[in-house]
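See below for the structure under consideration.
Sequence lines set the chain letters: A, B, ... in the order given, protein chains first and strands last, and positions in each chain run from 1.
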Amino acid sequence: MKYLVLLVGDGEEKPWSEQTEEEQGAAMAKFGAFGDACDARDGVRILAGEALSGPRDATVMRTTGGRVHLTDGPYAEVIEGMGGFYLLEAPDLDVVVELLRVLPPYDIQIHPTVDVEL
Amino acid sequence: MGDASADLERVVREEWGRLVALLLAQFRRLDLVEDALGDAVEAASRTWPADGVPANPPAWLMTAARRRVLDRLRTEDVARRKEPLLLLDAEQHQEGARSMADAGSLVEDDVLRLVLMCAHPALAPEAASALSLRLVLGVPTADIARLFLVPEPTMAARITRAKKRIVGAGIPFAVPDAGVLPERLEVVAQTAYLTFTAGYSPGTGPDLLRADQSGEAIRLVRVVLGLRPDEPALVALLALMLLHHSRRDARVGDGRLVLLADQDRTRWHHDEIAEATRLLARPHLAGPLTPLAASYVLQARIAAEHATAPTAQDTRWDRVVGLYDVLLQVAPTPSARLARAVAIAEQHGPAAGLDALEGLDLPQSHRPAAVRAELLSRAGDVDAARAAYDQAIAACRNEVETEFLVAQRDALPDR
């Protein structure tokens, strides 16, 4: 069995930008601990994981009557409509849209990941 | 040296878009580029009057802006903080995300790339309009805010968000493949059309029209048309805009709306009408067109019928009605139906016009009621006309138009 886990919203956690460096470090340690725990557990493996950039960067792609519409919202319904996902590497949004045209005309939410500097 | 500020203003007006495009091609950082160019212009406004205008003003601005970008990049490098890390293999992703490769297979003008980026379909249309005026034409944010009737901080925030979105969502600074280029240019056309309409017929507020904004929209279309001179949607749109814009001085008299039939035709800008007529005569506008281009052509031909009639009485209403019939097949919008009803009334009388209005619904607009009131008044049905005027006045959001409707209602004969 495979699972897509979406981390949506901050919950009880303070937004990342409001955390002190220590708090951020503690949070990072938890991500690390989660990774280790998954590795250590039989039959569990993390296949892919990314931090997503803010909702303002998300693009919605809908096809109506064969015509593709891109908008910056309203966002696609997630719970009712989530049918699958891809994690793509692409140079820009237009390339992603061009490739997605090959798929059946689903409503799609395209969300860039955070480009992490190490 | 009063000349220096005039020179600077001219350089900004003529070269802004190209300078933004060149800097963007080099640095790919929209957020830095535009601020840096703004700083460079500010520096120029201080130094040019004292030191004299440099021999090559655009190059001066380019150099000053480039230095600012480099400074900012250096500062960022030092201050860079760790970003949230939820990744397994960062190195693997570095390369692709770094090189914003130019996906287009065409080699094109940088300004065209800038225009297409600003009008990208993943930006909200109002944001795209504002951004085009700012980045392509260099219209100051304060002026854009005034044009769109919002406070300056609101507009500044809107433009900043749009710029961030371009960077964040990975909207490309590129000319797309030839296959989708016409589609993208249609988005540019719609952006310009929206800007023009917001100026030609403000939905709210005290001004009857804001000719400046319509003028800027026309300038935007001219810039793009200079790069793609044969794009039918753009040719037709320019003709359409020029025909409407040519009436700007005659549309308002003593702060009141002057109807087309009552306008002083000598105050129309006949050079613009002539240019529009020449544009409409271009052979490729007769060829197969996209629905959007066709709708612009038809709207422009209708406007041209009005613009070339020597007097209102000489308007060839049969042709106008015929053009609206075709337009309704291409773009069956309520506004087109409303305008057709007006033309029918002119050709066949108010009763026929009222028939054509039957069942027309234009939510949020006072215009159907206003037209019905006028036709009822012509048909002699004063009571029904008064009721329709009341309805139109209640729905109208533009102060000058409301005044006009009140005057019309009060001029109805008593019974």
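Of all residues in residues 288-298 of chain B, none places a non-hydrogen atom less than 4.5 angstrom from a non-hydrogen atom of chain A. The stretch residues 114-121 of chain B places B:His120, B:Pro121 near chain A, each with some heavy atom under 4.5 Å from a heavy atom of that chain.
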Can I get a per-line list of side-chain donor-acceptor pairs under 3.5 Å for residues 160-173 of chain B, giving both atom names and the distance, sequence neighbours left out?
{"residue": "B:Thr160", "atom": "OG1", "partner": "B:Ala156", "partner atom": "O", "Å": "2.8"}
{"residue": "B:Lys163", "atom": "NZ", "partner": "B:Glu34", "partner atom": "OE1", "Å": "2.6"}
{"residue": "B:Arg165", "atom": "NE", "partner": "B:Ala122", "partner atom": "O", "Å": "3.1"}
{"residue": "B:Arg165", "atom": "NH1", "partner": "A:Arg56", "partner atom": "O", "Å": "2.4"}
{"residue": "B:Arg165", "atom": "NH1", "partner": "A:Asp57", "partner atom": "O", "Å": "3.3"}
{"residue": "B:Arg165", "atom": "NH1", "partner": "A:Ala58", "partner atom": "O", "Å": "3.0"}
{"residue": "B:Arg165", "atom": "NH2", "partner": "A:Ala58", "partner atom": "O", "Å": "3.2"}
{"residue": "B:Arg165", "atom": "NH2", "partner": "A:Thr59", "partner atom": "OG1", "Å": "2.9"}
{"residue": "B:Arg165", "atom": "NH2", "partner": "B:Ala122", "partner atom": "O", "Å": "3.1"}

> Does the salt bridge (Lys or Arg N to Asp or Glu O under 4.0 Å) test come out yes or no for B:Arg28 and A:Asp92, once each step is laid out?
Replying inline: CA-CA 12 Å; B:Arg28 309 275 165 166; A:Asp92 62 49; over 6 Å; no

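Evaluation of the side-chain contact (heavy atoms from CB on, under 4.5 Å) rule for B:Ala192 yields B:Leu220, B:Val221, B:Leu237, B:Met241 as partners, not counting sequence neighbours.
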